Amino acid sequence: MSNSLSDTIPLHPSSQSDIDEIENLIHNSIQTGPATVLPARSPSPPRASIPVSSSPFIQSNLPPPPLNSQSNYQKPPLPAATVPAVTAPPPPPLGADSRQNIAASGFGSASNTLTEPVWDTVKRDLSRIVSNLKLVVFPNPYREDPGKALRDWDLWGPFFFVIFLGLTLSWSASVKKSEVFAVAFALLAAGAVILTLNVLLLGGHIIFFQSLSLLGYCLFPLDVGALICMLKDNVIVKLIIVCVTLAWSSWAAYPFMSTAVNPRRKALALYPVFLMYVSVGFLIIAID
Amino acid sequence: MDESYTSLPTSHLLGSVPAVVNEEEKRVNDYVAPEANLQNFPPNNGGNRGHGYQSLGNTLGDGQPSTNNWRGVFSISSYTQYFNVDTDIVVNRLISSLNPISGDFFNKIDANPDLYGLVWISTTLVFVIASLGNCATYLMEKLSDSSTSWSFNVSYLNLAACVVYGYALAVPLAFYFLLQYLGSNTSVVRFWCMWGYSLFIFILCSFLLVIPVEFLRWMIIILAGGSSAFFVALNLRSYLEGNDLNVVLVAAFILQLGLALFFKIYFFA
């Protein structure tokens, strides 16, 4: 019994029992009256299971006295050996509860993400994509230091934008739809990797996946442009829209790419980015 | 990690490091690129405090010799020496690549051949040829038959990528092995650099090739191809001083001209 109990305790046993005791102390101090008898037994199992051998000769150990003195005077005569048998049911919920509390305090405000509904997970990821998108593509005070802005980067957003752009291009293509999708997807995915490697090779300081994430988010304006171009059929309108979205994308990528490298190599790092966006823009206009 | 840690300090103790550092520093100072000096150990880089991270990476990557072992081949930092250029250097090299008769390109890039030119000139060329080739084909068809509608041929992009990347990688490599076999002391990175910059003129001439006049197009492509071929051949001559191997130069000339004609025939037909 005591073995199985200790198996359920995830942390260091001593700290676990301390936490349990403090917690129970709080519970007990809140609850008063005759109802205290039943919950008052719950603190004992962890205590009894760990110092089980020491209880006979050190009855006045440091942790027990405040607990016992405050809540239940009738408890001391209870033999240590009978405690686990009597209060067998309470421990599992207690252990789970305390573990959850530890997780909550240790890993931020997020509660257990393993048991939450799928929709919550999806919603959290979507909201992160939206907030990252706002930080990268739309004007905000953090744009000057995009390393801070995209600290919480993810690759879901870029994935969606790349897929979406490839699908939009292949929908609007009249022939060889699959080849258009393949070329667009390869251009965008390999392009982001190559652009990042280019900055690294020029001696820039950049985090690989953060850069991939940022370059993917910068595709968002071109996504919008491709969508509009698919619906409109006028060449002049297409040209204007692509020029505007191209400028928007370049503007979004500029601060990150230019701060990553030495000022004297700024043009060398920015030219490939510009080239990729121009080629994507050309594909948007050309594929009809 | 443990291996690399124990292998590096022994080379320090043997006294090889000061010599390497001096050589590297001299080289780096020559090309006015203090940002990326490769092997600055902390005691030696007084003014370069901001780049401790990078110099650490480079000492681990071990700069030039590291591409000889497997750990270096897969490390990005061992390739940074081939991208050790600033904007003005690249612009300078681009302009000198337009001058076919000077023949001193290898002197210009002497100790600092870069692969930036090769990579991005060929990438730009792929995009420009594929996109403008479509435009030119459309314009020509439009002149002969005004009812033609615009259609974008994606396979131009695939073909252009295969041809340009294949040519820019394979031909310098082939000449490198050939000249090694003939006994010249050559460097493959320099050949890549030179051939890469020799393609720059095709980017410019592609814009002129859109003009839908067949005679003018042939004139432009022959001029550009001839200029590029002369640039390659005259620069290559510096490796063949004393040897009587003009056939190698002719081969390089013909290959470059053949590439130009291929562009004309397949993309701007």
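Within every chain, numbering begins at 1; the chains are lettered A, B, ... in the order of the sequence lines, protein sequences first and strands thereafter. Just so you know, these numbers come straight off a predicted model, no measurement behind them. Excluded from the calculations below are hydrogen atoms, water molecules and symmetry mates; all remaining heavy atoms, backbone and side chain alike, are included.
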A.B. asks: Quick one: what part of A:Val278 sits under 4.5 Å from any heavy atom of chain B, side chain, backbone, both or neither?
C.D. replies: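 Both parts, backbone and side chain.
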A.B. asks: Checking B:Asn153 against chain A: side chain, backbone, both or neither under 4.5 Å from a heavy atom?
C.D. replies: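 The side chain, not the backbone.
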A.B. asks: Using a heavy-atom distance cut-off of less than 4.5 Å, which residues of residues 158-170 of chain A contact chain B?
C.D. replies: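 At a heavy-atom separation under 4.5 Å, chain B is reached by no residue of residues 158-170 of chain A.
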A.B. asks: In Å, rounded to the nearest 0.5 Å, how long is the span from OG1 of B:Thr87 to NZ of A:Lys266?
C.D. replies: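 One finds 10.0 Å between OG1 of B:Thr87 and NZ of A:Lys266.
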A.B. asks: When you look at CZ of A:Phe208, are more than 12 heavy atoms from neighbouring residues, nucleotides or ligands closer to it than 6.0 Å?
C.D. replies: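 Buried by this count: over 12 neighbours within 6.0 Å.
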A.B. asks: For the atom pair CZ (B:Phe127) and CG (A:Leu275), what is the distance rounded to the nearest 0.5 Å?
C.D. replies: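 Interatomic distance, B:Phe127 CZ to A:Leu275 CG, rounded to 0.5 Å: 6.5 Å.
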A.B. asks: Under the side chain to side chain contact (heavy atoms under 4.5 Å, CB included) rule, what do B:Tyr116 and A:Leu202 come out as? Steps first, then yes or no, please.
C.D. replies: CA-CA 9 Å; B:Tyr116 182 91; A:Leu202 285 171; 4.2 Å; yes
A.B. asks: B:Trp120 side chain to A:Pro272 main-chain N or O, any donor-acceptor pair under 3.5 Å?
C.D. replies: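 Pair absent, no side-chain N/O of B:Trp120 close to backbone of A:Pro272.
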A.B. asks: Quick one: CG on A:Leu201 to CG on B:Leu115, what's the gap to the nearest 0.5 Å?
C.D. replies: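 If I round to the nearest 0.5 Å, the distance is 9.0 Å.
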A.B. asks: Count the heavy atoms belonging to other residues, nucleotides or ligands that lie under 6.0 Å from CZ of B:Phe106, then report whether that count exceeds 12.
C.D. replies: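 More than 12 heavy atoms, drawn from other residues, nucleotides or ligands, come within 6.0 Å of this atom.
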A.B. asks: Let me know if A:Leu187 has heavy atoms under 4.5 Å from chain B in its side chain, its backbone, both or neither.
C.D. replies: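 Answer is neither: A:Leu187 stays 4.5 Å or more from chain B.
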A.B. asks: Based on non-hydrogen pairs under 4.5 Å, which of A:Val183, A:Val235, A:Asn198 is most in contact with chain B?
C.D. replies: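 Most pairs with chain B among the choices: A:Asn198.
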A.B. asks: Once you round to the nearest 0.5 Å, how far does OG1 of B:Thr123 lie from OH of A:Tyr271?
C.D. replies: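 Here the rounded value is 8.0 Å.
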A.B. asks: Which region of B:Asn158, side chain (C-beta onward) or backbone (N, CA, C, O), has a non-hydrogen atom less than 4.5 Å from a non-hydrogen atom of chain A, or is it both or neither?
C.D. replies: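 B:Asn158 touches chain A through side-chain heavy atoms alone.
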A.B. asks: What part of B:Ser155 gets closer than 4.5 Å to chain A, counting heavy atoms only: side chain, backbone, both or neither?
C.D. replies: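 Both parts, backbone and side chain.
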A.B. asks: Say you draw a straight line from CG of B:Leu157 to CZ of A:Phe282; how long is it, rounded to the nearest 0.5 Å?
C.D. replies: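 Nearest 0.5 Å value for the CG-CZ distance: 9.5 Å.
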A.B. asks: Can B:Phe152 and A:Val180 be said to form a side chain to side chain contact (heavy atoms under 4.5 Å, CB included), step by step?
C.D. replies: CA-CA 10 Å; B:Phe152 182 74; A:Val180 168; 5.9 Å; no
A.B. asks: Measure from the side-chain N and O atoms of A:Arg265 to the backbone N and O of B:Val85, and report whether any donor-acceptor pair falls under 3.5 Å.
C.D. replies: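 Side chain of A:Arg265 to backbone of B:Val85: a pair is present.
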